[in-house]
Amino acid sequence: MIKVAIFGYGTVGSGVFEVINKNHETIQKKLGNELEVKYVLDLRDFENDPVEKVLVHDVDVILNDPEVSIICETMGGERPAYDFTKRALENGKSVCTSNKELVEKHGAELIKIAEANQCSYLFEASVGGGIPIIRPLCTSLAQEEIESITGILNGTTNYILTKMEMEGADFDTVLKRAQEKGYAERNPEADICGYDAGRKIAILTSLAYGKNVDFADIYTEGITAISKADFEYVKQLGATIKLFAKSVHKDGKYYAMVAPFVVSSENPLYAVKNVFNAILVHGNMVADTMYYGKGAGKLATASAVVADVVDCAKHLGKHIRIVWEEEKLELSQIDSASRRFFVRVASTDKAEIENNFGKVEFLESVSADECGFITEEMTESEYKEKAAKAGNVINMIRMD
Ligand code: HSE
């Protein structure tokens, strides 16, 4: 019997309790051992909930119990999750978490502590909810040089963009409706400004290249400037707009960014709609592999936490190796990256536009006082220079 504790009985923590109890037999068969939740830590009381029998309010009860070998940290936030995790690992207890904030900030350090104490720090649920992506990246693709990762890593923004496209609605209208339905937070900043996706691509990039990527170094642009008119233009190309979190390793340089992209129907990420997430990973030998599923939600996220618990249970007394050094991965400025750009300008003078931007492919205007077009390939800094010279750009979206 392997005894487990859960820190935090919120949405994900109660999901972990449910997954372990409901799928008890299946897990036992696959693991060859039984999992039992011995404790759940929470400050609150839960009357008439089955958790009552195992609920404790004092973390030391769990940390000092030698019977507990695996902890699920589903508290979220940096403190006190960081202190509890550190103490658990120092006591030789493996920790499995869904806490992306903690993983992004302290992942490298916590893995090192786990290694020193012959236990593991696993975080499959921290990126892409229920989608297996961390384990494939660290294990199934360990033999690959990862050339690029492109992810739709935020369900809220993918939902908003899907609705804008399907209903021809504006950003503010769809956001308001998403908030009413509970698909978007009352304070949606972390999602719509791209910070949530930025944290997630920081984690994936750190794992792909083995060194620490600081979220603050990632160029991040959200979806707040995307309008109904943008969709009307890209529809003419048979394309859509997605918020991509990307990292690229090219010519010895590393780039990472979050921004909206114009995505053609040939890209497999084009078909990822609503709250779903997906990640396309390109390795130098295997080429493209793609991972798809629910990026959030109680049971999907809890399922990923329990997958880590099963892995830890198979490796009790051992450290599951994850290469993520504390040394910083130097990211290059995206200014030197080359691509085409979809641009809208407040002008109808085509000769002047080509004078400013070079040869372009004009789209059918969706309004009498503007033009939409696609530039030829150029670097970000070349684009910026041309846009500044033109001085009349309404919006720009990068072409994938
Ligand atoms: N706010 C996140 C999303 C939840 O919309 O995808 C999962 O991290």
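Count residues from 1 along the sequence. Indexing begins at 1, ligand by ligand and atom by atom, following the structure's order.
The ligand atoms of ligand 1 that sit less than 4.0 angstrom from a heavy atom of Gly155 are 3 (C), 5 (O), 6 (O). For ligand 1, the atoms sitting less than 4.0 Å from at least one non-hydrogen atom of Asp191 are 1 (N), 2 (C), 3 (C), 5 (O), numbered in the order shown with element in parentheses. With ligand atoms numbered from 1 in the order given, ligand 1 contributes 7 (C) to contacts under 4.0 Å with heavy atoms of Gly295. Ligand 1 places these atoms under 4.0 Å from at least one heavy atom of Asp196: 2 (C), 8 (O). Near Ala296, the atoms of ligand 1 lying under 4.0 angstrom from a non-hydrogen atom of the residue are 4 (C), 7 (C).
A cation-pi contact, defined as under 6.0 Å to the ring centre and within 45° of the axis, links Lys246 to Phe261.
Residue-level proximity to ligand 1 for Asn154 is carried by backbone and side chain together, each with a heavy atom below 4.0 angstrom. When heavy-atom distances to ligand 1 are checked against a 4.0 Å cut-off, Lys200 comes that close only through its side chain, counted from C-beta outward.
Sparse packing is recorded around CD of Glu145, with 12 or fewer heavy atoms of other residues, nucleotides or ligands lying under 6.0 Å away.
Counting only heavy atoms from C-beta outward, the side chains of Leu299 and Val19 approach each other to under 4.5 Å.
Taking the six-membered ring where tryptophan is involved, the planes of Tyr209 and His249 are perpendicular, since the angle between them exceeds 60° and thus also 30°.
Looking only at atom types and distance, the side chain of Glu73 has no donor-acceptor partner in the side chain of Tyr121 under 3.5 Å away. Under 3.5 Å, the side chains of Arg344 and Ser227 contain a donor-acceptor pair of N or O atoms.
Of all protein heavy atoms, the one closest to atom 5 (O) of ligand 1 is Thr156 OG1, 2.6 Å.
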